[in-house]
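Note sheet for the following structure.
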Amino acid sequence: MLTACGAWNVANVEALERLCAHAAGTDIGSIDVRRVTALDTVGAWLLEKLARGGTTRAALTGADGPYGDLLEEVRGLNRSGPAERRSVNPLLQRLDQLGRGSRRLASDSAAFLHMLGAFSAALFGILRHPRSFRLTSTVYQLGRVGWQAVPIMLLITFLIGAIIAQQGIFHFRRFGAESYVVDMVGILVLREIGVLIVAIMVAGRSGSAYTAEIGAMKMREEIDALSTMGLDPVAVLILPRILALVVALPILAFLGSLAALYGGGLIAWLYGDMSPAIFIARLHEAVSVTHFEVGIIKAPFMALVIGLVAAVEGRSVKGSAESLGQQTTASVVKSIFLVIVLDGLFAVFFASIGM
C-alpha cells in the first residue's frame, strides 16, 4: 500500500513524476489519498496513472474526500480503445451521399432566391428614393469590372476567334468550302461563344473578387456593423456591384465579339488567302442583327446570376481563412455552371421562337 501526502499539483509535477516513475511496474494494492493537502488535474492524473500501472488497477482509498469528484472524473478518462470500423453498405452510402447532395442543392437554391429577393427589394427602394442610390460606388465598381477587364477580354476573345477560324479553314479546305468559315465564325461568335467566354472570364475575375471582398467583410464583422448603424448591407455593398456587372457585361461581350471577328478575319486573310474585303462582304451576308441581339440579350441575365452567386457565397463565409477560400472556389464553380446552363436555356428558347 502506498500513501500519497502533500500537494499533488502542477507546482510539484517534476518531483511527483520522479516518484511515479520509481514506482512504475510495481503491483500496488491500494493508494491512500487521505493525506493529500492539494490536488489539481495534473496530480489526479498522476495518481490514476500510478493506479493503472500494475497488472490490476489499484484501489484509491480515501477518494471520497474533498477531491473525490476530481479523482472520479479522471478515472473515466482514456478507458475505451479505438472505435471499431463498421462495414458500410455501399448502396446505403450512395443513398446518403445523394441525400446530402439534394439537401445542399435545396439550401443553395433557397439562399440564391433569398438574395434575389433582397436585391429586388433594394432596387425597388432605389427607384422609390433615387437619392439613396450610391452612384460613386457603382461607377467605381463599373471601372473595376468593366474598364480594367477590357484588355484581357479582348486578348482572350481574339485568340478564340482566331482558333475557330484556323480549325474551320483546315477542315473546310478538304471540301473546297473555305468561305463557309466566315458563316461559322460570325454566327458562333455573335450568338454563343462571344458572350459565353466573356461571362466565364467575368465569373472567374470579378465574381471571385466580389466573394472574397464580401467574405472578408463578413469575417471582420463589417456587415454586422452596417446593420447596427441601420444601413442595409445589400443596398450598400451588393447592389452597386451587381448593377456594375449588369452594365459592364454586355459592353464586354460586344467588344469581345468584335475582337473575335477580327481574329477570325486576320486568320482567314493569313491562313486562308481571303482578303479583308471578301471576309467583310461574306460576313455581311452570313449574319444579321438577330444574331447580335441573341448574344447581347443573354449578357445582363448572366451578369445577374454571377453577381447573386458571388454575394451568396460571400455572405456564407465563416470566421476562418479556409472558409473564405472554399466559398471563393464555390462561387467561381457555381457561376460558370449556371452561366452555361443559362446559355443552354436561352438557346432552346430562341430556337423555339425562331430567332
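Since the structure is predicted, the reported quantities are computational estimates derived from the model, not experimental observations. Position 1 is the first residue of the sequence; numbering continues from there.
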- Task: Decide salt bridge (charged side-chain N to carboxylate O under 4.0 Å, His left out) for K218 and E213; before the verdict, give the C-alpha distance in whole Å, the side-chain angles of both, and the deciding distance to 0.1 Å.
- Result: CA-CA 9 Å; K218 178 75 177 299; E213 291 171 0; over 6 Å; no
- Charged N to carboxylate O under 4.0 angstrom, R100 versus D96? yes
- Query: Taking the six-membered ring where the residue is Trp, are the ring centres of Y271 and F170 under 6.0 Å apart?
  - Reply: no
- Query: Any idea which heavy atoms bring A244 and Y210 closest together, and the distance?
  - Reply: CB-OH, 4.4 Å
- Message: To the nearest 0.5 Å, what is the distance between CD on E313 and OG on S323?
- Response: 9.5 Å
- Checking S107 side chain against R103 main chain: does a donor-acceptor pair fall under 3.5 Å? no
- Query: So do F279 and L283 actually touch side chain to side chain, heavy atoms under 4.5 Å?
  - Reply: yes
- Message: Main chain of L237, side chain of R241: is a donor-acceptor contact present, judged purely on distance under 3.5 Å?
- Response: yes
- Item | Greater than 12 external heavy atoms within 6.0 Å of Y262's OH | no
- Query: Are any side-chain N or O atoms of T211 and backbone N or O atoms of A310, one a donor and one an acceptor, separated by less than 3.5 Å?
  - Reply: yes
- Do L258 and I280 share a hydrophobic cluster (ILVMFWY, side-chain heavy atoms under 4.5 Å, transitive)? no
- For I306, which of I200, L245, I336, V145 qualifies under side-chain contact (heavy atoms from CB on, under 4.5 Å)? L245
- Query: At what distance, to the nearest 0.5 angstrom, does CG of L243 lie from CD1 of I238?
  - Reply: 11.5 Å
- 4.5 Å side-chain heavy-atom contact, M153 and L255: no
- Where do V332 and S208 come nearest, in terms of heavy atoms and distance? CG2-CB, 3.6 Å
- Message: Are more than 12 heavy atoms, taken from residues, nucleotides or ligands other than F112, located less than 6.0 Å from that residue's CZ atom?
- Response: yes
- Would you name the heavy atoms of A311 and I214 that are closest together and state the gap between them? CA-CD1, 4.0 Å
- Query: Between CD1 of I242 and CG of L308, what distance do you get to the nearest 0.5 Å?
  - Reply: 4.5 Å
- Message: Whether E293 and R191 form a salt bridge (side-chain N of Lys/Arg under 4.0 Å from carboxylate O of Asp/Glu) is what I want to check.
- Response: no
- Message: Testing V189, I160, L342, V339 one by one against L196 for a side-chain contact (heavy atoms from CB on, under 4.5 Å), which residue passes?
- Response: V339
- Item | Rounded distance [0.5 Å steps], OG in S109 versus CG in L113 | 6.5 Å
- Query: Can we say D183 and R282 salt-bridge, meaning some charged N sits less than 4.0 Å from an Asp/Glu carboxylate O?
  - Reply: yes
- Item | side-chain contact (heavy atoms from CB on, under 4.5 Å) partner of V317, the single match among M217, M219, E322 | M219
- Query: Stepwise, does the side-chain contact (heavy atoms from CB on, under 4.5 Å) test hold for F301 with V246?
  - Reply: CA-CA 8 Å; F301 295 95; V246 172; over 6 Å; no
- Task: Provide the closest heavy-atom pair for A259 versus L154 in the form atom of the first, atom of the second, distance.
- Result: CB-O, 3.7 Å
- Task: Check whether any side-chain N or O of S206 sits under 3.5 Å from a backbone N or O of A203 as a donor-acceptor pair, and report yes or no.
- Result: no
- Message: Side chains of V195 and I296, heavy atoms from C-beta outward: is any pair under 4.5 Å?
- Response: no
- Neighbour count >12 (heavy atoms, 6.0 Å) for atom NE2, H171: yes
- Query: Among the clusters formed by ILVMFWY side chains lying less than 4.5 Å apart, do I163 and L188 turn up in the same one?
  - Reply: no
- Do L116 and L345 share a hydrophobic cluster, counting only Ile, Leu, Val, Met, Phe, Trp and Tyr and linking them when any side-chain heavy atoms are less than 4.5 Å apart? yes
- Item | Side-chain heavy-atom pair E285, V182 within 4.5 angstrom cut-off | no
- How close do A216 and L324 get, heavy atom to heavy atom, and via which atoms? N-CD1, 4.1 Å
- Query: Does any N or O in the side chain of S331 come within less than 3.5 Å of the main-chain N or O of Q327, such that one atom is a donor and the other an acceptor?
  - Reply: no
- With rounding to the nearest 0.5 Å, note down the distance linking CE in M184 to CD1 in I193. 10.0 Å
- Does some side-chain heavy atom of V202 sit less than 4.5 Å from a side-chain heavy atom of R205? no
- Message: Please determine whether residues W147 and I152 belong to a single hydrophobic cluster, defined as Ile, Leu, Val, Met, Phe, Trp and Tyr linked transitively by side-chain heavy-atom distances below 4.5 Å.
- Response: no
- Do F350 and T290 pass the side-chain contact (heavy atoms from CB on, under 4.5 Å) test, and can you show the C-alpha distance, the side-chain angles, and the key distance before you say yes or no? CA-CA 10 Å; F350 287 127; T290 303; over 6 Å; no
- Plane angle bin for F349 and F346 - parallel if under 30°, tilted between 30 and 60°, otherwise perpendicular: perpendicular
- Single-linkage hydrophobic cluster L252~I340, side-chain heavy atoms < 4.5 angstrom: yes
- Query: Less than 4.5 Å apart, any side-chain heavy atom of L190 and any of V294?
  - Reply: no
- What is the minimum heavy-atom distance between Q141 and P240, and which atoms define it? CB-O, 4.2 Å
- Aromatic rings F292 and F254: how do their planes relate, parallel, tilted or perpendicular, breaks at 30° and 60°? perpendicular
- For the pair T157 (side chain) and G256 (backbone), establish whether a donor and an acceptor sit closer than 3.5 Å, ignoring hydrogens and angles. yes
- Task: With rounding to the nearest 0.5 Å, note down the distance linking CG in L135 to CD1 in I126.
- Result: 10.5 Å
